[in-house]
Amino acid sequence: MLMLGFAGFLGILKILLMALAAFGLVDAAFRREDAFRAADKQNKVFWLIILGLALVVSYLFSILRILPAIGAVASIVYIVDVRPALKQVSGGRGWGRRRGSSSDGPYGPYNGGR
């Protein structure tokens with residue numbers, strides 16, 4: 001009975017790690033390449049490969065092995081370090097959505113003092 005509960009917990013943990021890697025992969029795919037350079041992080045292709053490998057490894061291997069743990073660490077590093085830096089450089093708007101124009105200020109469009 002205890003082993004079934006432990007196996008269920010490991011299954012849930014595996015799904016969570018896969019979701020974490022998938023979220024990071026999708027988020028990195030929608031970020032601009034120049035934002036990675038401006039944030040002084042590794043390039044976009046590097047993070048797409050690392051997060052893609054983390055997703056595949058977490059799917060293929062048991063959670064008790066070392067490779068899914070390394071993938072989890074890579075996903076967590078992206079989410080807590082790289083993603084906030086990219087959001088700061090990009091102005092906080094992710095996934096290519098922009099509202100307004102580049103001349104908008106915090107209270108509306110800037111018209112040059114007219």
When rounded to the nearest 0.5 angstrom, what distance separates [atom1] in [X] from [atom2] in [Y]?
{"X": "Phe36", "Y": "Leu86", "atom1": "CZ", "atom2": "CG", "value": "4.5 Å"}
{"X": "Lys44", "Y": "Arg37", "atom1": "NZ", "atom2": "CZ", "value": "11.0 Å"}
{"X": "Arg83", "Y": "Ser90", "atom1": "CZ", "atom2": "OG", "value": "11.0 Å"}
{"X": "Asp27", "Y": "Trp47", "atom1": "CG", "atom2": "CH2", "value": "12.0 Å"}
{"X": "Leu60", "Y": "Leu53", "atom1": "CG", "atom2": "CG", "value": "10.5 Å"}
{"X": "Leu16", "Y": "Ile63", "atom1": "CG", "atom2": "CD1", "value": "9.0 Å"}

Taking transitive links into account, so neighbours of neighbours count too, which hydrophobic residues share a cluster with Ile15 at under 4.5 Å side-chain distance?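 The other cluster members (ILVMFWY side chains, heavy atoms under 4.5 Å, direct or chained): none.
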Are there more than 12 heavy atoms of other residues, nucleotides or ligands under 6.0 Å from atom CZ of Phe9?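 It does not: Phe9 CZ has 12 such atoms or fewer within range.
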Ile66, CD1: over 12 other non-hydrogen atoms inside 6.0 angstrom: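 No - once you tally the heavy atoms of other residues, nucleotides and ligands closer than 6.0 Å, there are 12 at most.
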Decide whether [X] and [Y] are clustered together by the hydrophobic rule: side chain heavy atoms of Ile, Leu, Val, Met, Phe, Trp, Tyr closer than 4.5 Å, transitively.
{"X": "Ile50", "Y": "Val77", "answer": "yes"}
{"X": "Val73", "Y": "Val56", "answer": "yes"}
{"X": "Ile12", "Y": "Leu20", "answer": "no"}

Would you check if the side chain of Ser58 reaches a backbone N or O of Leu55 as a donor-acceptor pair within less than 3.5 Å?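 Judged by distance alone, yes, a pair lies under 3.5 Å.
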[X] and [Y]: which non-hydrogen atoms are nearest, and at how many Å?
{"X": "Lys14", "Y": "Tyr59", "value": "NZ-O, 3.1 Å"}
{"X": "Ala72", "Y": "Leu17", "value": "CB-CD2, 3.6 Å"}
{"X": "Val57", "Y": "Pro68", "value": "CG1-N, 3.5 Å"}
{"X": "Ala21", "Y": "Leu51", "value": "CB-O, 4.2 Å"}

